[in-house]
Structure formats: C-alpha cells, structure tokens
Amino acid sequence: MIQASSITPRIAGIRFVHSPGPTHVPDEVMHAMQRPMTDLSDPRVAATIAACEQGMKRILRTQHANIFLYASNGHGVWEAVSANLASPKHTLLIAGSGHFSDQWALQTLGLNISIQRTAHTEGHPIDVAAIEQALREDKAHKISAVMVVHTDTASGITSDLAAVRRAITAAAHPALYVVDVVASLAAAPFDMDALGVDVALGSSQKGLMLPPGLGFVAVNERAFEWSKTHADPRFYWDWVGRKTDNQSAKFCGTPPLAHLAGLEVSIGLLEAEGLPAVFARHQRLASAVHAALGRWATQGAVRFHCQVPAALSASVTAIEVAQGIDPEALRTVARERFQVAMAGGLGPLAGRVFRIGHLGDMNEPMILGALAGIEAAMLVQKIPFGTDGVAAAVAYLANATW
Ligand SMILES: *Cc1c(COP(=O)(O)O)cnc(C)c1O
C-alpha cells in the first residue's frame with residue numbers, strides 16, 4: 001500500500017484516467033457544472049431538465065420511454081428498478097454475466113426480493129440459451145423481468161442484446177426486458193426501441209463523461225403500467241410520483257442542478273461528434289488496445305480475459321496475469337510513476353486481472369500514452385511481455401479506417 005503522506009500533491013501535466021468509470025470529464029462539462037445555482041422556479045431549471053430528458057431519449061434511441069433522472073450512482077438506479085418492478089408474487093431473472101450481475105443480484109436479494117439467476121462461464125458473454133430455457137420452464141409466468149448487464153465492466157465483455165430479445169420472444173414469455181447500460185452507453189451501439197428493451201438504466205460517470213452522482217432510468221409505457229399495478233410500496237424511487245412537470249416532485253426534492261447542467265452539455269458534445277462517430281472512435285481505440293495486448297501476450301505472462309473476440313467490450317479491456325504477478329503492484333507503479341490510472345480486478349477476478357478503460361472523452365494520443373505508460377510499468381515490474389505492443393497499436397491506428 002502506498003502511504004498517504006508519500007502521495008505527490010501535484011504532478012506536472014495530465015493524469016491519464018483509464019478506469020472504466022469515473023472517466024475523463026471534458027472541460028466544457030466541468031465549466032457547465034460550475035454555473036451559479038438558481039432558485040428552482042427559474043425557467044432555466046425547467047429548460048435544462050427538459051433538454052436532458054429529450055437528449056437522453058435520443059442517446060438511448062427511444063421515442064416514447066419516460067426518462068427518470070436521479071441524484072444517485074449506478075447502484076441507486078439498480079434499486080430504482082427493483083423498487084418499481086418487484087412484487088411479492090414475482091421473481092426477477094438476473095442473467096449471469098460476471099461481477100456486476102452478481103452485485104446486482106446481491107443488492108436485489110438484500111431488498112428481500114425474489115430472484116433467479118442463469119449460470120455464467122468466466123470469460124464468456126451471457127448464456128442466452130439459459131435465459132430462453134428459464135423462461136420456457138416458467139409456465140406460471142412468475143418471472144416478471146429479465147435483467148441483463150450489457151457490458152460487464154469487471155470482465156470487459158459485452159453481451160448480444162438482440163440475441164436476448166430473440167430468446168424472450170422465442171419463449172413467448174411476457175417478462176419485461178431490463179438492460180444495465182451503465183458501462184456501454186455512448187460507447188457501443190444501443191437502440192432501446194429497436195431491441196424491444198422495456199427499461200434501460202445507467203449513470204453519469206462512464207460514457208456520458210460526467211462526474212459520478214447522476215443516475216437515469218428509461219421506462220417504456222409497458223413497464224410503467226406494470227409498476228403502477230404490481231410493485232411494492234416505494235417512495236423516493238417511485239416512477240409514478242416522478243412522472244410530473246412539478247420540478248420538486250419529479251426529483252423527490254431538489255434536482256441535482258450541477259449534474260443536469262453538465263449532462264445537457266455532454267449530450268451536446270456527443271451529438272456534435274455524432275453517435276456513429278462516437279461508436280467508431282470507441283471501437284478504434286479498443287482495437288488499438290487489443291492490438292497492443294495481442295503482442296504483449298506473446299510472452300505468456302499477460303493475456304486476454306475475454307475468450308470470445310466478438311464479445312470484447314468497446315469500453316474496457318480486462319487483462320489476466322499469470323500466477324505470481326501482482327496486478328495491484330503494477331497498477332500502483334503505473335499510477336504513481338507513469339500517471340496512468342488503471343482499474344483492478346473485482347470479485348472473483350481480484351488479484352487476477354488489471355483493466356484498461358478506453359471509454360468517454362478519449363482520443364488516440366491518450367490511448368497511446370496510456371499503453372506506453374503501462375509498458376514502462378511492466379518493465380519496472382519485470383513482467384515478461386512482447387515489447388512491441390505500442391508499435392502494434394500505432395500500426396493499427398495508422399491503418400484504421402478514418
Ligand atoms: C459502474 C457500473 C455499475 C455501478 O455503478 P456505480 O455508479 O458505481 O454505482 C453498474 N453496472 C455496471 C455495468 C457498471 O459498469
């Protein structure tokens with residue numbers, strides 16, 4: 001452990017934030033968040049809220065879903081969804097996809113809500129056939145919702161949401177389709193209406209390029225009606241109470257004004273670039289990281305955690321280390337000496353992986369700088385790796401379609 005007293009208070013230049021959330025926050029967003037506070041009846045407040053709701057609908061690609069914005073992190077909106085969808089007569093099917101799905105399940109169990117899981121194989125995306133089978137076996141329709149994590153951030157694996165939709169449809173089951181897009185929104189394509197997703201949830205500090213603290217849930221009419229007639233008592237999270245133009249009822253109290261000001265600007269930045277270009281940029285930067293890792297892996301000490309190349313996430317890459325290598329020590333050297341902040345392993349992957357986040361406000365030199373810093377840290381740690389990783393990333397980017 002590094003001692004607090006030995007942490008350099010200020011470093012020259014830029015700290016590279018390569019955790020998969022919080023991500024780098026653009027100056028434009030920071031400046032918007034510094035705007036002075038206003039009273040809540042100021043028409044600017046209503047205008048900002050409306051712009052955020054409309055903008056989130058465009059980012060999520062939904063025409064009619066209700067957008068609920070919460071002063072909360074991602075765990076908070078997990079609870080918002082459970083609180084509005086759980087009923088004593090029903091069960092929530094939370095698909096196994098890795099650590100984040102396990103935490104979602106744990107939190108839901110903690111609320112005394114009945115859940116069912118599908119099994120998950122490490123290094124792989126969601127087992128879609130297992131979802132279909134669970135639904136087919138549920139003749140009494142006890143399962144009220146299928147809950148899926150799009151990108152499981154701990155493993156860097158993205159599951160196929162269209163395949164899950166087809167499974168629900170094939171089973172002819174009325175379950176609602178709920179998707180956690182915390183780590184994938186504004187990094188990988190997501191089309192709520194086309195996928196037949198009933199509820200989508202996320203938070204501010206990943207692809208949306210804001211500081212942590214704002215959560216959102218998009219709820220279509222079917223899910224909204226279900227919650228009205230079935231769900232347990234709830235108050236702060238309640239969608240019915242929040243579906244109003246009354247500002248303080250909409251937020252169950254004071255709206256998170258600074259975050260809303262930032263969100264309006266971040267939506268504007270994403271739309272100025274254009275969502276297809278945003279997705280292409282994420283794919284390009286992710287592929288550059290994969291090119292580097294492909295070379296690093298030639299010495300056997302580091303390797304891809306994801307076993308299915310098509311499921312590699314556009315947001316984050318999880319790198320597994322061989323026995324005897326301490327990824328936490330590597331992270332400390334990368335952060336403290338080379339100013340590259342990476343993420344570590346979570347849950348069962350703790351001590352087995354390190355992760356490079358490549359989502360949000362990110363470009364080519366940032367990724368190349370990060371990869372070079374990580375190579376330097378691996379040299380310091382005497383980890384054997386193919387040393388032409390950065391060169392492979394450079395070559396990939398030089399040849400990438402532009
Ligand atoms: C980060 C993350 C969460 C949790 O978000 P917090 O804001 O940390 O509570 C949930 N799901 C996924 C997929 C995430 O990546």
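Residue numbers run from 1 in the order of the sequence given. Whatever order the structure lists ligands and atoms in, that order sets their numbers, starting from 1.
Remark: Arg337 pairs with no residue by the side chain to side chain donor-acceptor pair (under 3.5 Å) rule, at least two apart or across chains. Partners of Ala129 by side chain to side chain contact (heavy atoms under 4.5 Å, CB included), not counting sequence neighbours, listed by chain and number: Asp127.
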Original post:
Could you walk me through whether His290 and Thr317 pass the side chain to side chain donor-acceptor pair (under 3.5 Å) check?
Top reply: CA-CA 8 Å; His290 301 156; Thr317 301; 3.1 Å; yes
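Annotation: ligand 1 has protein neighbours Asn73, Gly74, His75, Trp78, Phe100, Val149, Thr151, Thr153, Asp180, Val182, Ala183, Ser203, Gln205, Lys206, each with a heavy atom less than 4.0 angstrom from the ligand.
Applying the side-chain hydrogen bond (donor to acceptor under 3.5 Å, both in side chains) test to every pair with at least one member in residues 255-264, sequence neighbours left out, gives no pairs at all.
Within 6.0 Å of atom CG in Asp39, more than 12 heavy atoms from other residues, nucleotides or ligands are found, so the atom counts as buried in its surroundings.
Considering only heavy atoms from C-beta on, Trp78 stays 4.5 Å or farther from Met147 through its side chain.
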